[in-house]
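Within every chain, numbering begins at 1; the chains are lettered A, B, ... in the order of the sequence lines, protein sequences first and strands thereafter. This structure is a prediction, so every number in the text was calculated from the model and none was measured. Both backbone and side-chain heavy atoms feed into the values below; hydrogens, waters and symmetry mates do not.
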Protein chains: 2
Amino acid sequence: MATIADVAQHAGVSRSTVSHALSGKRPISLATRERINEAIIALKFTPNAGAKALATSKSSIMGLVISITPEEFAPATMQYVLVVSETARSLGYDVLMVTEVDGAEGITRVTDSNLVDGVLVLDVKRHDDRAVSILGARQPGVLMGYAEGNESLDSVDLDFAAAGRLLVRHLFDYGHREVIFITFPEELFAQSVGFAWRFRDAAVDTAAELGVSLNIVYGGTNPVRRYQGVEEALDRHPTATALLVHNEGVLVDLPMLLAQRRLSVPRDLSVVSVFSEQFGSMFSLPYTAIEASPKPVATRAVQLLAARIADRERPVVSELLEPVLIDRGSSRAI
Amino acid sequence: MATIADVAQHAGVSRSTVSHALSGKRPISLATRERINEAIIALKFTPNAGAKALATSKSSIMGLVISITPEEFAPATMQYVLVVSETARSLGYDVLMVTEVDGAEGITRVTDSNLVDGVLVLDVKRHDDRAVSILGARQPGVLMGYAEGNESLDSVDLDFAAAGRLLVRHLFDYGHREVIFITFPEELFAQSVGFAWRFRDAAVDTAAELGVSLNIVYGGTNPVRRYQGVEEALDRHPTATALLVHNEGVLVDLPMLLAQRRLSVPRDLSVVSVFSEQFGSMFSLPYTAIEASPKPVATRAVQLLAARIADRERPVVSELLEPVLIDRGSSRAI
DNA sequence: CTGAAAGCGCTTACAG
DNA sequence: CTGAAAGCGCTTACAG
């Protein structure tokens with residue numbers, strides 16, 4: 001493979017001139033620039049990533065930390081992964097997957113070895129040891145989610161608290177006073193996964209304020225129990241007029257389940273939820289919902305990390321994207 | 001950050017001795033080994049990835065090439081990604097995502113720069129320019145799928161032809177003579193994505209041999225058209241006794257669709273399919289199916305790539321995993 | 001606008 | 001069993 005020395009020789013200049021032509025870090029005369037470009041093409045030169053990383057202490061790689069727990073729903077995650085990868089590429093970065101079960105250890109591994117310039121964390125928990133791990137690393141990190149007590153880390157997420165408030169208020173405005181709230185398995189709350197507890201707590205508080213009776217149902221961790229859980233909830237609360245669903249797994253089954261019970265939406269039951277447009281269209285979900293916004297969240301997270309890598313001194317930001325309600329007509333006034 | 005020189009100094013040995021202690025490439029006396037280990041711990045030494053890559057021309061990174069087309073179904077892909085990452089880690093490799101729209105270009109980018117030691121390709125097409133791209137690279141690649149005319153590349157895949165034969169034969173043995181075969185959108189066939197055409201062609205041939213009337217339906221590219229397509233097929237072939245489904249998107253909707261038509265499985269209609277156990281349990285699919293085997297395929301692909309990286313001269317292998325039918329009772333004799 | 005040279009942090013023949 | 005030194009392919013002060 002051609003090295004920068006080969007290019008320099010071919011172009012009749014020094015290696016440093018080639019390097020500067022490549023980086024644009026100092027002015028190069030038109031004539032030499034052209035000869036260098038010719039040489040690069042003739043020799044099919046591509047800079048060696050390892051050498052560059054060694055010389056600059058920058059790998060141009062972002063680590064993406066994913067901790068897949070069995071409770072979580074893989075399809076939703078893929079969207080984040082893809083958008084992270086594309087956005088990173090557009091900013092000149094590659095993306096390395098960090099999927100070890102112990103995410104904190106994985107972070108230490110890729111940062112200590114200088115493999116990555118920074119780290120993105122998905123599915124952040126309330127007290128997340130991965131945040132701690134980042135704080136101990138030389139490289140910066142950005143949370144896609146929200147961790148308490150880590151205000152020193154950049155983060156971006158959908159404002160799940162606002163989402164909870166907005167949906168409960170939406171149902172309240174339509175006159176609903178008894179609502180079944182289906183959320184994630186209790187395991188996710190035990191781990192304090194941000195999107196779960198922030199939504200739940202806000203929904204519960206708002207319901208209490210407005211005088212809405214909100215019956216919480218924690219989703220089952222397997223399909224069968226998930227399905228049964230919803231059925232039981234419907235049996236137990238026959239007078240409930242609306243379903244508030246924050247659980248992708250339940251959503252996939254819901255149209256079928258309601259059809260089998262001969263429940264028409266929104267005639268017999270209003271349904272509102274949280275999911276991404278892409279997810280909804282994948283499973284033909286006909287429900288009014290807060291847009292889960294994987295794309296803006298992932299895009300923004302990558303931008304924040306790139307900005308942080310470029311400037312370690314810039315002020316820390318913690319962005320919460322405002323929830324947007326997409327009305328698909330699955331709720332009605334009663 | 002501590003370097004190998006710091007460790008050497010701390011331990012009172014030379015850098016080469018530390019390096020050899022690390023790699024185990026030559027015997028080190030117990031005493032020095034212990035002093036070195038002490039130093040490593042005391043200084044929290046981790047080898048610099050870039051320096052190592054430069055010195056050895058090995059990055060210990062595998063590239064994973066994913067080309068997500070809108071026609072494809074993301075949830076199924078995530079399983080491959082995760083298993084690839086975990087298996088790679090267990091063999092000492094990290095995984096870099098290569099998601100550019102032009103996969104061939106992405107491959108050239110990460111191989112020419114020596115960023116990766118090899119490349120794994122998902123969703124291989126019959127004539128895949130990514131295979132060509134790999135053949136032109138210094139690093140080896142393994143296809144998770146099957147590309148014609150690239151017998152010089154290692155590959156591994158489920159034997160989709162055998163799967164097609166097995167399912168048609170299964171229905172034939174149960175006495176079915178009129179079957180609706182729902183497969184992927186025609187776009188996938190235009191691109192000649194391996195799992196689509198190999199399954200279809202085998203199913204069609206076997207049906208012809210056995211005298212089974214096989215009515216092909218190409219799935220719609222969006223949920224609505226997908227759903228309608230199935231409905232139309234059922235309308236058009238009221239005397240069909242079985243459904244052969246090779247399309248994850250359709251499968252997700254199927255229980256609902258059949259319930260709405262008051263069709264009981266297998267009483268009114270036998271249904272057989274292809275999907276992974278994990279996918280099936282995610283969507284509570286009650287259908288007898290060939291196990292799609294993302295785990296063995298992905299695991300094997302990573303192993304093959306690691307073996308190929310270690311020995312460029314080993315014989316090329318093209319492995320087809322034997323399909324396994326998991327009987328969930330959704331087909332019956334008629 | 002350009003070059004010579006040191007340095008990034010490893011590995012590995014070579015020598016003992 | 002161990003060390004001195006060259007080399008991997010870049011970048012970047014320093015000098016002109």
Without placing hydrogens or testing angles, list every side-chain donor-acceptor pair under 3.5 Å for residues 42-54 of chain B, not counting sequence neighbours.
from	atom 1	to	atom 2	distance (Å)
Asn48(B)	OD1	Gly50(B)	N	2.8
Asn48(B)	OD1	Ala51(B)	N	2.8

Neighbours of DNA chain D within residues 107-118 of chain A, by heavy-atom distance under 4.0 Å
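Residues of residues 107-118 of chain A that come under 4.0 Å of DNA chain D do not exist, since none gets that close.
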
Output the residues of residues 29-43 of chain A in contact with DNA chain D, where contact means a heavy atom of the residue under 4.0 Å from an atom of the strand; sort by number or write none.
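Within this stretch, nothing sits under 4.0 Å of the strand.
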
Would you write the dot-bracket representation of DNA chain D, where each base gets (, ), [, ], | or . depending on whether it forms a Watson-Crick or G-U pair under 3.5 Å and with which partner?
|||.||||||||.|||

Going 5' to 3' through nucleotides 8-16 of chain D and flagging B where a protein heavy-atom sits under 4.0 Å of the base, S where only the sugar-phosphate is that close, and - otherwise, we get BBBBB-B--

Any side-chain heavy-atom pair from Phe195(A) and Leu158(A) closer than 4.5 angstrom?
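Sidechains of Leu158(A) and Phe195(A): no contact.
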
Would you check if Val302(B) and Val83(B) make a side-chain contact, meaning some heavy-atom pair closer than 4.5 Å?
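A side-chain contact under 4.5 Å is absent here.
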
Could I get the full list of side-chain contact (heavy atoms from CB on, under 4.5 Å) partners for Ser133(A), not counting sequence neighbours?
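side-chain contact (heavy atoms from CB on, under 4.5 Å) list for Ser133(A), sorted by chain: Ala104(A), Ile107(A), Thr108(A).
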
Contacts of type side-chain contact (heavy atoms from CB on, under 4.5 Å), residue Ala306(A), not counting sequence neighbours
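With sequence neighbours excluded, Ala306(A) shows a side-chain contact (heavy atoms from CB on, under 4.5 Å) to Met62(A), Leu91(A), Tyr93(A), given in chain and number order.
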
The criterion is salt bridge (charged side-chain N to carboxylate O under 4.0 Å, His left out); which residues satisfy it with Asp157(B), sequence neighbours excluded?
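Checked Asp157(B) against salt bridge (charged side-chain N to carboxylate O under 4.0 Å, His left out); matches are Arg198(B).
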
Checking Ser67(A) side chain against Val101(A) main chain: does a donor-acceptor pair fall under 3.5 Å?
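Between the backbone of Val101(A) and the side chain of Ser67(A) there is no qualifying donor-acceptor contact (under 3.5 Å).
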
For the side chain of Arg130(A) and the backbone of Gly103(A), is there at least one donor-acceptor N/O pair under 3.5 Å apart?
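Checked: no pair found.
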
Which pairs pass salt bridge (charged side-chain N to carboxylate O under 4.0 Å, His left out) with one or both residues in residues 91-107 of chain A, sequence neighbours excluded?
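Listed by first then second residue: Arg89(A)-Asp94(A), Asp94(A)-Arg109(B), Glu100(A)-Arg109(A), Glu100(A)-Arg89(B).
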
Taking salt bridge (charged side-chain N to carboxylate O under 4.0 Å, His left out) as the cut-off, I'd like each qualifying pair that reaches into residues 8-31 of chain A, sequence neighbours left out, listed once.
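For residues 8-31 of chain A: none.
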
Run the side chain to side chain donor-acceptor pair (under 3.5 Å) test against Ser14(A) and tell me which residues pass, sequence neighbours left out.
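If we apply the side chain to side chain donor-acceptor pair (under 3.5 Å) test to Ser14(A), skipping adjacent residues, the hits are Ser16(A), Thr17(A).
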
Mind checking the P distance from dC14(C) to dC10(C)? Whole angstroms is fine.
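Their P atoms lie roughly 24 Å apart.
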
Can you list every pair that meets side-chain hydrogen bond (donor to acceptor under 3.5 Å, both in side chains) and has a residue in residues 292-303 of chain A, with sequence neighbours left out?
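Applying side-chain hydrogen bond (donor to acceptor under 3.5 Å, both in side chains) to every pair that reaches into residues 292-303 of chain A, excluding sequence neighbours, yields Arg300(A)-Gln303(A), Arg300(A)-Glu319(A).
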
